[in-house]
Each structure stands twice: as C-alpha cells, then as structure tokens.
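Because the structure is a prediction, the values reported are computed rather than measured.
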Amino acid sequence: MGFTRFGRPKGAQGQSSPNLYVANCGPAVGLSYDTIVSVFGAFGEIKGVFAADESGARVVVCFAEEGCAQNAFNALNGRPCAELGGRSLHIRYSVLQPTSQSQGRVNDSVPVSLLASELNIPGLYLMHDFVTAKEEEEFLAAVDERPWKNLSKRRVQHYGYEFCYETRNVDSRKNLGELPAFVSPILERIAMLPMREDAEAIVLDQLTVNEYPPGVGLSPHIDTHSAFEGLIFSLSLAGPCIMEFRRYLDAGLTPRASSSSDIEIESSENNSNFLRRAIYLPPRSLLLLTGEARYAWNHYIPHHKIDMVKDSVIRRASRRVSFTFRKVRASPCQCEFSQYCDSRR
C-alpha cells in the first residue's frame, strides 16, 4: 500500500495551499473517508482524500481551489466539529511532494480483496478457517518449544530440507528428516482438498516456519522453480497481513530477490510495468499457489504495521507465524512459464 507524500509549503509559516494535512482524522479514529469527504466537501470541491501515513489517524484533504481549503482551515482547525461527533481536528497546510526512486515507495495503492476469486489469478486459492482457534494455539505452542533461527528481522524454522536464502534454493542431498508430527493434521486436511487432482502424486516434504513481528514483510519474489514443485501451501497463524501479487509484463524487469528476503522495498519501478493484485490473509487461513499464480506472479508482504482493507484499518498483531509447505523438486522444472523459469536459463 503506497501513500501520497505531502509536506508543509516553503516560505512563511501559515502560507496556504489547496491541500490540508489533517490529524486526529481517519479510519483508525472511526472516521470513514466518505464521512471526511462529506464534512470537508461543504467548503468546496474535493479532489481527493489520502492517507498521510500508515497510522490511519492522519489524512490529506485536497481541494480543487485554494480558497476552499482556507475556508475549511478557518472553520475546522482546533475547533470541535459537530458533524464529527465533537472531535477536534488539527490542521496544517500541505503541498504534494514528488516521490523519488530512493524512497522506494509506490505512489498509489491497490485495492485489497477478501476472496481469491476477486483477483482473477489462475491457480490462486484462499481457504478461510482452515484450522480452528484451538488448533492454532497448539501449532504455535509446538513451534515455540523448538529452536528458532534468527534472520535480520524475523525468525525461521526449517523442516525436511533447509531453505538457503543466499541461493533461494535447497540442498536436496541434505535431508533433515520427516516433517514434525504436530503438522500431520494439516497435511491430512491438505490431501483432502478438492482442487488437488494430484493429491496422491505429491508428498509435501519441506516446511518453513516464519515469524513476522509488526512492520516486517517479504520482498517480491517467485519461489525458485528449480527448487520446488508446483504446489505451495501457506498457513497463516496468530496475526493477519496483506499479500500483494505482481506479474511483470517484461520478465526481464522481475526484481532480484535479496539474500535475506528481508529488504524493505515497496517498489522503485514504474508500476505500469506490472499487474498488481492484493488479498487479505486472516489468521487460520490457508493460501494455495499453483499453476500461473505459483510460477508467474511475484508475491510479497508489504512492510506495514497497519493495513487498509475495505476502508477499515487492520493492525498487524504482535506476531504473525506462517507455515509454508512445499515439495522439493528432483528434476528440472518443465513449466509453461519459461520466461520466469530458472531451469530454462
């Protein structure tokens, strides 16, 4: 999710502009964007209302004319507003600032869907409440009894085969043993999924457990074709997040994944070079990537502490834990997406 960047106008303090930076205002304090437009729209034509930052409690209101912004400023700044339930707003004039590539942000946001079917990405499925709340507690307790490996910003555990972040691959000669017994109920449930025509043919043998603190995500990447087969399952536990998907129209523009997969980037690219979709992953949901979704679309988790979902603020929990199940590939990938396939290079 990107944020349009504004700042105070240069020059003498109090210099006006058509844009107002408004604090104590936004979804996080119970004010929808429709309500904000209604209140400020009484002073003139509104060009847009934008999130000023990730707090959900500060917005920038952009008027078509500077005089309208002045009238709203004089009427609302520091005074209780009856239309907002008596809430007092703290307002400053603001100007639009160009976003440089060094800031690594996308100027616009992408709508967040609740259902996989809304994304129109072949091979992407999301199953809500795949496990119960009691099972969730048991799975979290089980991993917390086992040792974690610290990365720069998150913790991981590997089972079956260890994933190497430097090469984004696994060493298939170094088997760590069977997957832990506590995930057996998950594997049994996965095997019963109706969209898995090849349920008997593939036995998932690699598990990566990730623990994400608030504000930590993943850089855009496609799981290495030569490392894993065509089904990737990810179970979300403890907290929610937004996952974004990008398909680059020119495969040569696909970002190179970082060695730690922890680099905080949103995008420095022109977003006309790729298609974007985003979906909300609630706790206890299972995401399945197969076919085009697995082989051709980058997926990533924005580095946010809050997410905007359908005009609502969703705060990241104190932790989010994911279980990602995969099958280690024993022979070169033969997928139909050769432009993204490292086995074909």
Practice problem: Using the side chain to side chain contact (heavy atoms under 4.5 Å, CB included) rule, take Glu135 and Arg189 through it: C-alpha gap first, then chi angles, then the decisive distance, then the call. | Solution: CA-CA 13 Å; Glu135 289 174 322; Arg189 214 163 293 172; 2.8 Å; yes
Quiz item: Are Ile232 and Thr290 close enough, and set up right, to give a side chain to side chain contact (heavy atoms under 4.5 Å, CB included), and what steps lead you there?
Solution: CA-CA 7 Å; Ile232 298 175; Thr290 185; over 6 Å; no
Practice problem: Applying side chain to side chain contact (heavy atoms under 4.5 Å, CB included), run through Val59 and Leu20 and close with a yes or a no. | Solution: CA-CA 8 Å; Val59 300; Leu20 299 179; over 6 Å; no
Quiz item: Given the rule in the side-chain hydrogen bond (donor to acceptor under 3.5 Å, both in side chains) test, do Ser32 and Thr35 qualify, once you have shown the distances and angles that lead to the verdict?
Solution: CA-CA 5 Å; Ser32 70; Thr35 299; 3.0 Å; yes
Exercise. I would like to know whether Tyr21 and Tyr93 meet ring pair (Phe, Tyr, Trp, His ring centres under 6.0 Å); could you show each step before the answer?
Key: CA-CA 6 Å; Tyr21 176 94; Tyr93 289 109; over 10 Å; no
Exercise. For side-chain hydrogen bond (donor to acceptor under 3.5 Å, both in side chains), just list the numbers for Asn210 and Arg154, CA-CA rounded to whole Å, side-chain angles, deciding distance to a tenth of an Å, and then say yes or no.
Key: CA-CA 7 Å; Asn210 282 283; Arg154 67 185 200 276; 2.9 Å; yes
Exercise. Report the C-alpha distance between Arg146 and Val143 in whole Å, list the side-chain angles of each, state the deciding distance to 0.1 Å, and finish with yes or no for side chain to side chain contact (heavy atoms under 4.5 Å, CB included).
Key: CA-CA 5 Å; Arg146 295 168 177 253; Val143 295; 5.6 Å; no
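Looking at every heavy atom in both residues, Gly217 comes nearest to His303 through N-ND1, 3.0 Å. Contact between Leu119 and Ser113 at its shortest, heavy atoms only, is CD2-OG, 3.4 Å. Of all the heavy atoms in Glu229 and Val328, the pair that sits closest is CG-O, 4.3 Å. The minimum heavy-atom distance linking Met308 with Pro27 is given by the pair CE-CG, 3.6 Å. The nearest pair of heavy atoms linking Ala317 to Gly239 is CB-CA, 3.7 Å.
Under the side chain to side chain contact (heavy atoms under 4.5 Å, CB included) test applied with Arg294, the options Leu231, Leu124, Ile222 reduce to a single match, Ile222. The side chain to side chain contact (heavy atoms under 4.5 Å, CB included) with Val216 is formed by just one residue from the set Lys153, Arg320, His304; it is Lys153.
Remark: Thr324 OG1 to Leu289 CG distance equals 9.0 Å, nearest 0.5 Å. Going from atom CZ of Phe325 over to atom OG of Ser234 covers 9.0 Å, rounded to the nearest 0.5 Å. Here the OG atom belonging to Ser17 is positioned 4.5 Å from the CG atom belonging to Asn19, to the nearest 0.5 angstrom. Considering SG of Cys341 and CD of Glu336, their distance stands at 11.5 Å, rounded to 0.5 Å. The distance from atom CG of Leu281 to atom SG of Cys241, rounded to the nearest 0.5 Å, is 4.5 Å. The distance from atom CG of Leu287 to atom CZ of Phe233, rounded to the nearest 0.5 Å, is 10.0 Å.
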Name each donor-acceptor pair under 3.5 Å that joins a side chain in residues 79-87 to protein atoms two or more places apart or in another chain, with its distance.
residue: Arg79; atom: NH1; partner: Asn74; partner atom: O; Å: 3.4
residue: Arg87; atom: NH1; partner: Asn24; partner atom: OD1; Å: 2.9
residue: Arg87; atom: NH2; partner: Val29; partner atom: O; Å: 3.2

Would you give me the side-chain donor-acceptor pairs under 3.5 Å for residues 175-183, sequence neighbours excluded?
residue: Asn175; atom: OD1; partner: Gly177; partner atom: N; Å: 2.5
residue: Asn175; atom: ND2; partner: Tyr161; partner atom: OH; Å: 3.0

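Side-chain contact, Thr208 with Gln206: a donor N or O sits under 3.5 Å from an acceptor N or O. Using a 3.5 Å distance cut-off with no hydrogens or angles, the side chains of Trp297 and Glu292 do pair a donor with an acceptor. For Ser343 and Arg329, the side-chain atoms include no donor-acceptor pair closer than 3.5 Å. Judged by distance alone, the side chains of Asp342 and Ser226 do bring a donor and an acceptor atom under 3.5 Å apart.
Looking at Asn77, its side chain does come within 3.5 Å of a backbone N or O of Ile91 through a donor-acceptor pair. Between the side chain of Ser236 and the backbone N or O of Ser322, no donor-acceptor pair lies under 3.5 Å. Judged by distance alone, with hydrogens and angles left aside, the side-chain atoms of Asn298 form no donor-acceptor pair with the main-chain N or O of Arg247 at under 3.5 Å. Proximity of a side-chain donor or acceptor of Arg246 to a complementary backbone N or O of Pro220 within less than 3.5 Å is not detected.
Side-chain contact between Gln70 and Glu66 is present, with at least one heavy-atom pair separated by less than 4.5 Å. Here the side chains of Leu151 and Val156 are in contact, with some heavy-atom distance below 4.5 Å. A 4.5 Å side-chain heavy-atom check between Phe40 and Leu89 finds at least one atom pair inside the cut-off. Contact annotation: the side chain of Tyr295 approaches that of Cys335 to within less than 4.5 Å [non-hydrogen atoms, C-beta and beyond]. In this structure the side chain of Leu187 never reaches within 4.5 angstrom of the side chain of Pro185, judged on heavy atoms. Contact check for Val321 versus Leu140: side-chain heavy atoms found under the 4.5 Å cut-off. You'll find the side chain of Ser285 stays beyond 4.5 Å of the side chain of Asp129, heavy atoms only. Side-chain contact between Phe130 and Ile186 is present, with at least one heavy-atom pair separated by less than 4.5 Å.
For an aromatic pair to be called close, the ring centres must be under 6.0 Å apart, and His225 with Tyr340 fails this.
Annotation: cation-pi geometry not satisfied between Arg277 and Phe245 (NZ/CZ under 6.0 angstrom from ring centroid, within 45° of ring axis).
Partners of Phe43 according to the ring pair (Phe, Tyr, Trp, His ring centres under 6.0 Å) rule, which considers only residues two or more places apart in sequence or in another chain, do not exist here. Qualifying ring pair (Phe, Tyr, Trp, His ring centres under 6.0 Å) partners for His128, counting only residues two or more places apart in sequence or in other chains: none. Applying the ring pair (Phe, Tyr, Trp, His ring centres under 6.0 Å) criterion to Phe139, with sequence neighbours excluded, gives no partner residue.
The residues Asp144 and Arg319 are annotated as salt-bridged, a charged nitrogen and a carboxylate oxygen being separated by less than 4.0 angstrom. Ion pairing between a basic and an acidic side chain is recognised when a charged N comes within 4.0 Å of a carboxylate O; Arg155 and Glu211 show such pairing. Ion pairing between Arg276 and Glu244 holds under the 4.0 Å rule for side-chain N and carboxylate O. For Asp223 and Arg326, the salt-bridge test passes: some basic side-chain N is under 4.0 Å from an acidic carboxylate O.
Lys310 NZ: more than 12 foreign heavy atoms inside a 6.0 Å radius.
With a 4.5 Å cut-off between side-chain heavy atoms of Ile, Leu, Val, Met, Phe, Trp and Tyr, the cluster of Ile314 takes in Val112, Leu114, Ile242, Tyr280, Val309.
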